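Before any comments, here is the structure.
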Amino acid sequence: MTNNPEETTPDSGLDSTTTESLEAEAEAEAGAGAGAVTVSDEAATFSKLVEPRSEHRLVLEAGIWHQISPKYVIVQLISSGTVLLLVIVATLLLALLWNQWWAWIPGGIITFVMVWSLAIMPRQARAIGYQLREDDLVFRRGILWQRMVAVPYGRMQLVDITHGPLDRKFGIAQLKFVTAAAATGVVIPGLSQGTAEMLRDHLVAVAESRRTGL
């Protein structure tokens, strides 16, 4: 799902009756030298991009913001919940079975931090978005600590898709692309498999056209 800050109704990039395949658009955009493209996929995404409430926040730029799949939250809850369970079990074994009472302190701290992280995970996921502009890709994430970075297409050197066992189970992946400056590397998590592959092809095509001056 996409989100336009200038409109009250989110613009969906997933409706097959109103959008075309990203691969076809990538060919057209690469030939024309343009960077904007509409992402389309059958999988659902979040419908509203969450922003901090402070008036001093980094304001969303005008345009269409694409969001990630809610399945990302499920994967994170499962993986982090498994680690949390192991921490609790280890703490109980050390404290009750082997009388290591000091284990309550680190175990309690780790448990509190992880429970808090799990509680805010859905809101954090809804704050992740990206926008494909004419000359660059803008990525933003974070509520308490906001990050917004713009990466020019012509500076992209590597576009990579990775996914673990849980990601494959739920049909999602993360897209990573880096430039010559490693600090500007961006990872977009929670994309559906189809969206990640189409977005990769589009970015590679546009980046190549920009580097060759087409």
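The structure displayed is predicted, hence computed values, not measured ones.
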To the closest 0.5 Å, what do you measure between [atom1] ([X]) and [atom2] ([Y])?
X      : Y      : atom1 : atom2 : value
Gln146 : His56  : CD    : NE2   : 12.5 Å
Gln193 : Arg168 : CD    : CZ    : 9.5 Å
Gln76  : Leu118 : CD    : CG    : 9.5 Å
Met198 : Thr195 : CE    : OG1   : 5.0 Å
Ile88  : Leu93  : CD1   : CG    : 12.0 Å
Ile188 : Arg141 : CD1   : CZ    : 10.0 Å

Report yes or no: does Tyr130 contribute a side-chain atom to a donor-acceptor pair with the main-chain N or O of Ile68 at less than 3.5 Å?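 Flag not set: sc Tyr130 to bb Ile68 has no pair under 3.5 Å.
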Of the non-hydrogen atoms in [X] and [Y], which two are nearest, and what is the gap between them?
X      : Y      : answer
Ala62  : Gln131 : O-OE1, 3.2 Å
Arg140 : Pro52  : NH2-CD, 4.1 Å
Gly107 : Val87  : O-CG1, 4.3 Å
Val59  : Met148 : O-CE, 4.1 Å
Tyr72  : Ala125 : CD2-CB, 4.0 Å
Phe139 : Val187 : CZ-O, 3.5 Å

Do [X] and [Y] touch side chain to side chain, with heavy atoms closer than 4.5 Å?
X      : Y      : value
Leu96  : Trp104 : yes
Met156 : Leu137 : yes
Arg200 : Leu175 : yes
Thr111 : Trp116 : no
Leu132 : Leu199 : yes
Asp167 : Gln174 : no
Leu49  : Gln67  : yes
Lys48  : Arg126 : no

With a sphere of 6.0 Å drawn around CG of Leu85, does it hold more than 12 non-hydrogen atoms of other residues, nucleotides or ligands?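 For Leu85, atom CG is crowded (more than 12 foreign heavy atoms under 6.0 Å).
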Does Trp101 CH2 have over 12 foreign heavy atoms under 6.0 Å away?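 Enclosed: over 12 neighbouring heavy atoms sit under 6.0 Å from CH2 of Trp101.
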Say whether [X] and [Y] are linked into one hydrophobic cluster, either directly or through other cluster members, by side-chain heavy-atom distances under 4.5 angstrom.
X      : Y      : result
Trp102 : Trp98  : yes
Ile120 : Val75  : no
Met114 : Leu77  : yes
Ile110 : Ile105 : no
Val115 : Ile78  : yes

Per the side chain to side chain contact (heavy atoms under 4.5 Å, CB included) rule, which among Val204, Asp160, Leu203 passes with Phe177?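 Considering Val204, Asp160, Leu203, a side chain to side chain contact (heavy atoms under 4.5 Å, CB included) with Phe177 is found only for Leu203.
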Between the side chains of Asp135 and Arg210, is the shortest nitrogen-to-carboxylate-oxygen separation below 4.0 Å, so that they form an ion pair?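 Yes.
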